[in-house]
Amino acid sequence: MPELPEVETVCRGLARALEGRRISRAEARRPDLRLPLPPDLAERLVGRRVGRVGRRAKYILIFLDDGGVLIAHLGMSGRLYVMREAPPPPGPHDHVILAVDDGTTVYFNDVRRFGLMALATEAELPGHAFFRELGPEPLGNDFNGPALAAALKGRMTPIKAALLDQKVVAGLGNIYVCEALFRAGLSPRRKAASVQGRRAERLAQAIRQVLREAIAAGGSSLRDYVQTNGELGYFQHHWAVYGREGAPCPTCAGNGRGGAVRRIVQSGRSTFYCASCQR
DNA sequence: CTACCATCCTGGTTGC
DNA sequence: TGCAACCAGGATGGTA
């Protein structure tokens, strides 16, 4: 669900609520998520002070004062709610509860239970199965045209599928891949290996630009996603193609070509694009 | 290696 | 209105 901008927004909300605070209560209410919760989750959290809250790809990293790290992934429908006042009684999808020493409570809620929470030590992170094979952070300093071109070299798969592969670049999902390809003027059906040189440069910059704008908007709210304070992100109003099948293309509607946004299915997922200005 | 597909689970939306 | 089919932001493991 949530892609990089939504996870980043959640991280910032969590950082404000948790950094420097001591965990006073932890409760695992429903441990049978897709990856079962660690049986000792609560006891390993209670009494720990939270250091930094960070992010790698779509994973949230909550660093603890004993060298431990609480790793959270929202899957497709996960949410983290920060409540400053007395929280409502937990519902059936509130799987983990954390409370800290200033009275703030955090609920990890996930209707579909594709999300996860795991524990590791800071030292284990680089070699951890979650992170070992991840590609570069798209907003990091080492992500640019040449780096993207190198990752795409030799890949016969469509560029759309390649960008969803977290080994190529980390953190993109269906929405932002569609939007980035639109901004770069590249067809989602184009062979990944053909995106080299100027095209790769253009695509790398389009990815960075759309992610930055989405983060500034608090992410996109579609069905499940809300920020930690319960507010909606509003980037969904800025989508050029995603979810807009049949709508006039924002680029070529005005120049007389009158292209419309199309929906196709690639590797089982919807792709939205303009066949007239994406080549 | 690479690519495609099904699958995990639940709820909201759509169409008859 | 009722009900069934379909669809959804992700990740992975199996198969070809």
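A quick note: this is a predicted structure, and the numbers were derived from the prediction, not measured. Just so we're on the same page: letters track the sequence lines, and every chain starts at 1. Basis for what follows: all heavy atoms, side chains included, without hydrogens, waters or symmetry-related copies.
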Listed by chain and number, what are the side chain to side chain contact (heavy atoms under 4.5 Å, CB included) partners of A:D32, not counting sequence neighbours? A:R30, A:R113

For A:T104, is there any backbone N or O sitting under 3.5 Å from a side-chain donor or acceptor partner on A:R84? no

Residue A:R262 excluded, over 12 heavy atoms near CZ under 6.0 Å: no

Would you please indicate if the ring centroids of A:Y107 and A:Y81 are separated by under 6.0 Å? no

Pairs involving residues 178-206 of chain A, ordered by first then second residue, that meet salt bridge (charged side-chain N to carboxylate O under 4.0 Å, His left out) (sequence neighbours left out): A:R183-A:E213

Separation of the P atoms in C:dG9 and B:dT14, to the nearest angstrom: 15 Å

Whole angstrom is fine here: how far is it from CD1 in A:I175 over to C1' in C:dC7? 14 Å

Extract from the structure each pairing of a protein N or O with an N or O of nucleotides 5-8 of chain B at less than 3.5 Å, listing the distance.
{"from": "B:dC8", "atom 1": "O2", "to": "A:R34", "atom 2": "NH1", "distance (Å)": "3.2"}

Do any N or O atoms from the side chain of A:E19 and from the backbone of A:A17 form a donor-acceptor pair under 3.5 angstrom? no

Whole Å only: how far is the CG atom of A:D165 from the P atom of C:dT12? 10 Å

Rounded to whole Å, please give me the gap between CH2 in A:W239 and P in C:dA8. 12 Å

Send over the distance from A:R263 CZ to C:dC6 C1', rounded to a whole Å. 10 Å

Distance test, side-chain N/O of A:H93 to OP1/OP2 of B:dC9, below 4.0 Å: no

Taking only the P atom of each, what is the distance from B:dC9 to C:dG13 in whole angstrom? 16 Å

Is any side-chain N of the basic residue among A:R79 and A:D110 closer than 4.0 Å to the acidic one's carboxylate O? no

Whole-Å distance between C:dG10 P and A:R55 CZ? 14 Å

Establish, with yes or no, whether the OP1 or OP2 oxygen of C:dG10 is under 4.0 angstrom from a side-chain nitrogen or oxygen of A:Q166. no

Residue-phosphate contact under 4.0 Å: A:S77 side-chain N/O, B:dC9 OP1/OP2: no

For C:dA11, take OP1 and OP2 only and decide whether either is under 4.0 Å from a side-chain N or O of A:H73. yes

Does A:K58 make a side-chain N or O approach to OP1 or OP2 of C:dG9 shorter than 4.0 Å? no

Just to confirm, is there a sub-4.0 Å distance from OP1 or OP2 of C:dG9 to any side-chain nitrogen or oxygen of A:Y242? yes

Taking only nitrogen or oxygen atoms into account, show me every contact under 3.5 Å that the protein makes with nucleotides 1-3 of chain B, one pair per line with its distance.
{"from": "B:dA3", "atom 1": "OP1", "to": "A:M156", "atom 2": "N", "distance (Å)": "3.0"}
{"from": "B:dA3", "atom 1": "OP1", "to": "A:T157", "atom 2": "N", "distance (Å)": "2.5"}

Take A:Y242 and A:S270, measure what side chain to side chain donor-acceptor pair (under 3.5 Å) needs, and give me the verdict at the end. CA-CA 9 Å; A:Y242 186 84; A:S270 290; over 6 Å; no

Summary of salt bridge (charged side-chain N to carboxylate O under 4.0 Å, His left out) pairs that have at least one residue in residues 123-152 of chain A, sequence neighbours excluded: A:R55-A:E137, A:R56-A:E137

Bracket string, DNA chain B, 5' to 3' - pairs by Watson-Crick or G-U geometry under 3.5 Å, | interstrand: .|||||||.|||||||

Using the P atoms only, state how far B:dC5 lies from C:dC7, rounded to an integer number of Å. 15 Å

Rounded to whole angstroms, how far apart are CD on A:E245 and P on B:dT13? 18 Å

What integer distance in Å separates A:K160:NZ from C:dG9:C1'? 12 Å

Are any of the side-chain nitrogens in A:E27 or A:R25 under 4.0 Å away from the carboxylate oxygens of its partner? yes

CG of A:D110 versus C1' of B:dT10: gap in Å, rounded? 10 Å

Less than 4.5 Å apart, side chain to side chain, heavy atoms only: is that true for A:H95 and A:N109? no

Where the side chain of A:D40 meets the backbone of A:E43, is there a donor-acceptor pair that is under 3.5 Å apart? no

